[in-house]
Amino acid sequence: MIGLEYQFMQNAFIAAILVSIACGVVGTYIVIKRIVSLSGGISHAAFGGIGLGYFLGINPVITAIPFSIISAFLMGVITRNVKISEDTAIGILWSVGMSLGVIFISLTPGYASDLFSYLFGNILTVTRTDLWMMLVLDLIIISSVLLFNREFTAISFDEEFSQVIGVPVNLFYLLLLTLVALSVVILIKVVGIILVIALLTIPAVTARQFTFKIPRMMILSSMIGIIFTLTGLWVSYILDVSSGATIVMILAIFFIATYIVKRT
Amino acid sequence: MDKAVEIKKLYYKIDNKTILEDINFEIYKNEFLAIIGPNGGGKTTLLKMIVGLLKPTSGKIQVFGLKPEEAREKIGYLPQRRHFDADFPINVFETVLMGCYHAPLQGYTQEDKEKVEKWLERLEISNLKDERLDNLSGGQLQRVFLARALVREGELLLLDEPTSSVDPLFQEKFYEILDELKREMAIVMVSHDIGMVATHVDRIACLNQRLFTHGPPGEALESIEDVYKCPVELIAHGIPHRVLRKH
C-alpha cells in the first residue's frame, strides 16, 4: 500500500485492523439487540472524557475510558429504572456528556490543538501507545465475548425469558454496554466521536445480509471492517481528505450496494 | 395432593393502582388450570409473579414450597410473543437450546443437545431444526417456543396466551400436546380462548383484578359473565376483549 514506508501509515494500518475487530464483535450485538441509539449516546457522551483529559493535561483517550464506562452505566440504569422514555434519557445524557466536554475544554488554558481529530477522527495520528491500548481493549472485548456469548445472545434475543432461566440480565446488559463504551474509546482516534456509531453499525448490518449465525456475523463484520477501513485509508491518502469520513462513506456505499444486490 | 403453586393474600399495586387484589389459590401437580379474564385484568401479571419476574406488593407465592426465583429450574415458561424479533440471527435448534441455560461460564452439554433433539421430535418439528425463525409459520414458531420452555424438563409449565395469532388447526394440535403434557406436569395457561379452554382444562380461574372463581370448567363458565360483564356467547365468539370492560 502507498505510504507504508512511513511509521504513521504503518500505525494507521494496524489501527484499522484492531478497530475493525472491536467493531465486528461489539457491532454485531449492537445491531441484533437494536441498541444503536443507546450506543450513539454513549459515544457522544464520551466527549466529556476527552474534555476532562484536556483539562487534566493527560491523554484524552485515557480519560475517555472511565468516562465512557460511567456514561454507559448511567444510560443502562436510567433507561431502565427512570420513568422517562429511553430516547429522552439518551438525548439528555448525550448532550450532558458533550456539554461537560465543552466546559472542560473552555476551562483549559491555551488552544485545544487536535480537538478536531477527536471529533472527526484522524487515523494518521494514531501512536504506538494508542495501538497498545487498542490491543488491550480488543483483548478484553474478545475474551468477554468468548466467555459470555451465551448470555449476550440470550439477553439480545429475549430478556424476559433470559431472566426466567436464570441469566443475570441486568449484569450482562451493563457488561454489554461497557464493551460498547470500550469500543467507542478504541474508535475515537480513527473516526472520531461523531462518526463512531457508523463503524459500530455499518459493518455488522452489512454482514447480517450474508449470514444468519452470530459468530460468523462477527467474523464477517470484522473482515468487512478491515477491508473497507484500509480502503478508506488508502482513498483518503490519495485524495488528501479526512480519513474517518472517507472510511464511513466507503462502508456506507458498500452497504447500500450489497443491500440493492441482495434484493434484486 | 402435592401443591405446585400456592398463593395467599396476594396484592400487587403500581403507582397506587391496584392490579391484583386478595388473590388466593393453589395449583396441584398434574393439573391443568386456565386463567381467563378481560384485558388488563391482571392475568399476565399473575403469571409473571408465579415465575418470579414481578414481586407482589404483599402476600405470598410459593412454587413447590420455594420462592418463585428459587424454583426456576422447575418452571417452563412460554411468554407472550408481542415483541418477538423474527429477524434475529438464530435457528430453531439454537433457540430451544437456550432453554437449557445453566449459569455463567457453564456451557451447554451433550445431554442438553440430546434433550433439545428429544423435544423437537416430540413436538414434531425435528425437520425444522436448522430453519431460521423468520421462515416459520405462527404455529411452528409457537411449537419452537414451547420446546424451549419444555426442554428444562420442569414440573410446572406456564403459558401466556399460547394460541393467540396461530391458526385454528394448530390450536387443536396445541391442546392435544398439552393434554399429553399434563400427565407429567402442572400447567397454568392464560388465555382468551374460552371455547377451547373449557374442553381441555381441569379448572378455570376467572381473574379481573380479583380472582372470581376457580372451579371446574362447567362451574366456572357460569360466573364468567360476571367477570367480563358480558354474555359468555359473545366472549366465546371472539369479541375483542378490549371493549368488554366497557359493557
Side-chain angles (χ1 to χ4, degrees), chain A residues 24-25 27-36 80 82-83 86 143-176 204-221 259 262, chain B residues 14-15 44 47-48 50-54 63 68-108 112 130-135 144-145 148-149 151-152 154 156-158 160:
Chain A
V25 174
T28 295
Y29 290 125
I30 290 174
V31 168
I32 64 172
K33 187 156 174 61
R34 302 184 179 200
I35 50 169
V36 175
R80 301 219 157 182
V82 178
K83 285 184 179 170
E86 186 173 293
S143 329
S144 304
V145 170
L146 286 175
L147 290 172
F148 304 121
N149 179 46
R150 268 183 302 279
E151 287 77 8
F152 291 142
T153 303
I155 66 166
S156 299
F157 182 57
D158 186 342
E159 280 199 13
E160 186 177 271
F161 186 78
S162 300
Q163 199 173 339
V164 171
I165 57 176
V167 178
V169 171
N170 290 331
L171 175 75
F172 281 102
Y173 181 60
L174 291 178
L175 182 57
L176 182 58
V205 81
T206 308
R208 174 73 187 76
Q209 299 180 98
F210 296 97
T211 179
F212 213 75
K213 293 271 181 194
I214 292 170
R216 283 185 208 161
M217 191 173 155
M218 287 177 179
I219 294 167
L220 186 58
S221 174
Y259 184 87
K262 288 290 279 185
Chain B
I14 303 175
D15 298 335
T44 296
L47 215 58
K48 285 187 175 180
I50 297 173
V51 81
L53 287 171
L54 293 173
V63 180
E69 55 273 26
E70 290 167 357
R72 281 177 179 161
E73 281 290 321
K74 299 183 176 194
I75 302 175
Y77 177 51
L78 179 63
Q80 274 184 15
R81 257 197 304 126
R82 268 189 205 142
H83 306 296
F84 164 66
D85 176 13
D87 203 33
F88 195 89
I90 194 169
N91 65 23
V92 167
F93 188 89
E94 290 160 341
T95 305
V96 179
L97 186 62
M98 219 179 260
C100 296
Y101 179 79
H102 302 287
L105 304 176
Q106 281 185 34
Y108 299 118
D112 294 332
D130 296 320
E131 280 293 331
R132 296 158 47 155
L133 300 187
D134 59 350
N135 287 342
V144 171
F145 288 124
R148 185 181 67 163
V151 77
R152 293 182 81 74
L156 171 66
L157 179 63
L158 304 175
D160 197 351

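Each chain gets a letter, A, B and so on, in the order the sequences are listed, and its residues count up from 1.
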Choice from B/Val51, B/Ile75, B/Leu78, B/Asp87 maximising heavy atom contacts with chain A below 4.5 Å: B/Asp87

Pairs where residues 90-106 of chain B contributes a residue and the test salt bridge (charged side-chain N to carboxylate O under 4.0 Å, His left out) is met, not counting sequence neighbours: A/Lys213-B/Glu94

Chain B contact via A/Arg208 - side chain, backbone, both or neither, heavy atoms under 4.5 Å: side chain

Portion of B/Arg152 that has a non-hydrogen atom of chain A nearer than 4.5 angstrom: side chain

Residue A/Arg34 excluded, over 12 heavy atoms near CZ under 6.0 Å: no

Inter-chain contacts: residues 149-156 of chain A against chain B, heavy atoms under 4.5 Å: A/Arg150, A/Glu151, A/Thr153, A/Ala154, A/Ser156

Greatest number of heavy atom pairs closer than 4.5 Å to chain B - which of A/Met217, A/Gln163, A/Arg216: A/Gln163

Derivation and outcome, side-chain contact (heavy atoms from CB on, under 4.5 Å), residues B/Leu158 and A/Val164: CA-CA 11 Å; B/Leu158 304 175; A/Val164 171; over 6 Å; no

Separation of B/Leu97 CG from B/Ile90 CD1 (nearest 0.5 Å): 9.0 Å

A/Tyr259, OH atom: more than 12 neighbouring heavy atoms under 6.0 Å: no

Under 4.5 Å from any heavy atom of chain B - which part of A/Val31: neither

Electrostatic pair B/Asp160:B/Lys48 at N-O distance under 4.0 angstrom: no

Gap separating the CD1 atom of A/Ile165 from the CD atom of A/Glu160, nearest 0.5 angstrom: 12.0 Å

Greater than 12 external heavy atoms within 6.0 Å of B/Glu73's CD: no

